[in-house]
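Below, all heavy atoms of this structure are taken into account, side chains as well, without hydrogens, waters or symmetry copies. First listed ligand is number 1; within each ligand, the first listed atom is number 1.
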Amino acid sequence: MKTILVAGGAGYIGSHMVALLVEKGYDVVVVDNLCTGHWQAVKGAKLRVGDLRDGNFLDQVFSEFPIDGVINFAAYSLVGESVTNPLKYYGNNVAGSQSMLTAMKNHGVKKIVFSSTAAAYGEPEKQPIEETDRTEPTNPYGATKLAIEGMLKWCDRAYGIKYAALRYFNAAGANTDVGIGEDHNPESHLIPIVLQAALGKRDHVGIFGDDYPTPDGTCVRDYIHVRDLASAHLLALEYLDKGGESGSFNLGNGTGYSVKEIIDTARKVTGKPIPATVEPRRAGDPSVLIASNKKAQEVLGWKPERGLEQIISDAWTWHSSHPDGYGK
Ligand code: UFG
């Protein structure tokens, strides 16, 4: 494997993947329609701007470069928006992946690592969550990712396209070596919001509910460093290249932190007071989501290396040096 196509490589997680591949000496081609991604985040790779749903565009890219494997991050990913506009999510996420798989089939490319989500599980039946647990998404975002996992399974059977679907828990952090980080508009994720409050860009953080059945009443999540996520993708690609079986894998640290613990850790890391107030629950939030990462450890040989303080401190380095994200 020499040349890797990264779809959605201008986005948050995708750009961290590109940085790792470039660091490891791969030739990297990014396709991105830049509708939520940032061209400034693509460092050391070729960028072709276009939409995955445009089959001619993908044909051109696959003809131009000798692609050995694909990593697909391209998707809409706002849970709340997916509930109010499900067709936007099916139309982009599912159709985009279908178009990518079609191009792979037509050009004889047999390996794909796909960006899936913990939202594929919906309300978990137990903690930590294992890959064999029930998958019953409670929002269209998770449903589109699960639908794509189904499409991958059938494309493996029919065309021999091998896949690893990686179900991320809560991605956070930044790559302080390369100078890339998280820049969503609008921002809905907890850690960037907390750090924006630390920077004075927001007057406070709203804690969405403190009456959950958790030790301090706030929701518990499994935060995973975006660089550890990227490492898992590379291991997954190498695993498929060595003839590994297709499958789905959880990617999380296996440890849960509450919203209040995140805010407290951010206060410690930044030295800022970070005002917080309790607000009503956000619809659709499960109380606890913690990954079992046993399968990724055993099958892919992956081990997350960075804990919560490192996640928040790297994110802080990015946010404090890029208070307006990639914009200015
Ligand atoms: N939260 C707050 N205040 C905020 C923002 C978030 O209290 O201003 C809370 C949320 O209620 C939740 C926790 O912080 O309990 C984490 O929220 P995020 O929005 O950062 O992340 P989610 O756990 O909701 O979502 C993540 C991914 C999604 C994925 C989902 C799977 O970002 O892409 O996990 O359940 F779909």
- Message: If the cut-off is 4.0 Å to any non-hydrogen atom of Ser188, which atoms of ligand 1 fall inside it?
- Response: 5 (C), 19 (O)
- Query: Nearest protein heavy atom to atom 20 (O) of ligand 1, by residue and atom, and its distance?
  - Reply: Leu190 N, 2.8 Å
- Give the numbers and elements of all ligand 1 atoms closer than 4.0 Å to a heavy atom of His189. 19 (O), 20 (O), 32 (O)
- Message: Taking Ser115's backbone N and O only, do any of them form a donor-acceptor pair with Lys145's side chain (distance below 3.5 Å, no angle check)?
- Response: yes
- Query: Is Arg227 salt-bridged to Asp177, going by a charged N under 4.0 Å from an acidic O?
  - Reply: yes
- Could you tell me the residue and atom name of the protein heavy atom closest to atom 9 (C) of ligand 1, and the distance to it rounded to 0.1 Å? Val259 CG2, 3.8 Å
- Would you mind finding which of Tyr257, Phe208, Tyr223 brings a heavy atom closest to atom 7 (O) of ligand 1? Phe208
- Query: Can Asp156 and Lys153 be counted as an ion pair, charged N to O under 4.0 angstrom?
  - Reply: no
- Item | Pair Glu81 + Lys88, salt bridge at N-O below 4.0 Å | yes
- Task: Report the part of Tyr168 (side chain from C-beta onward, or backbone N, CA, C, O) that has a heavy atom under 4.0 Å from ligand 1; answer both or neither where that applies.
- Result: neither
- Can you tell which of Ile263, Thr117, Leu78 gets a heavy atom nearest to atom 30 (C) of ligand 1? Thr117
- Using distance alone, decide if ligand 1 has a nitrogen or oxygen within less than 3.5 Å of any nitrogen or oxygen in Val79. no
- Are the charged groups of Lys126 and Asp133 less than 4.0 angstrom apart, N to O? yes
- Note on the structure: Under 4.0 Å from one or more heavy atoms of Ile207, ligand 1 contributes atoms 7 (O)
- Salt bridge Lys46-Glu64, side-chain N to carboxylate O under 4.0 Å: no
- Message: Please list, in number order, the atoms of ligand 1 under 4.0 Å from a heavy atom of Ile193.
- Response: 8 (O)
- Item | Nearest-neighbour protein heavy atom for atom 33 (O) of ligand 1, which is reported as residue plus atom name and distance | Tyr141 CE2, 3.7 Å
- Item | Heavy atom of the protein closest to atom 22 (P) of ligand 1 (residue, atom name, distance) | Asn170 ND2, 3.5 Å
- Task: Evaluate the criterion ring-ring contact (aromatic ring centres under 6.0 Å, His included) for residue pair Phe73 and His16; output intermediate values, then yes/no.
- Result: CA-CA 11 Å; Phe73 297 93; His16 285 77; over 10 Å; no
- Note on the structure: For atom 19 (O) of ligand 1, the closest protein heavy atom turns out to be Arg282 NH2, 3.0 Å
- Query: Of the protein's non-hydrogen atoms, which lies at the shortest distance from atom 31 (C) of ligand 1, and what is that distance?
  - Reply: Ala119 N, 3.5 Å
- Evaluation steps, side chain to side chain contact (heavy atoms under 4.5 Å, CB included), between Leu190 and Phe208: CA-CA 10 Å; Leu190 180 63; Phe208 298 154; over 6 Å; no
- Note the single closest protein heavy atom to atom 11 (O) of ligand 1, along with its residue, its atom name and the distance in Å. Asp285 OD2, 2.5 Å
- State whether Asp27 and Lys2 are salt-bridged, where the test is any N-O pair (Lys NZ or Arg NE/NH1/NH2 against Asp/Glu carboxylate O) under 4.0 Å. yes
- Does the distance from a Lys or Arg side-chain N to an Asp or Glu carboxylate O, for Asp314 and Arg306, drop under 4.0 Å? no
- Which ligand 1 atoms are under 4.0 Å away from a heavy-atom of Leu289? 35 (O)
- From Asn72 CG over to Leu5 CG, what is the distance, rounded to the nearest 0.5 angstrom? 8.5 Å
- Numbered atoms and elements of ligand 1 in range of Gly206, under 4.0 angstrom, heavy atoms: 2 (C), 3 (N), 4 (C), 7 (O), 8 (O)
- Task: Look at Glu123 together with Arg134 and state whether they make a salt bridge at an N to O cut-off of under 4.0 Å.
- Result: no
- If you measure from each heavy atom of Val205 to ligand 1, is any distance below 4.0 Å? no
- Task: Using a strict 4.0 Å cut-off to heavy atoms of Cys219, name the atoms of ligand 1 that fall inside it.
- Result: 15 (O)
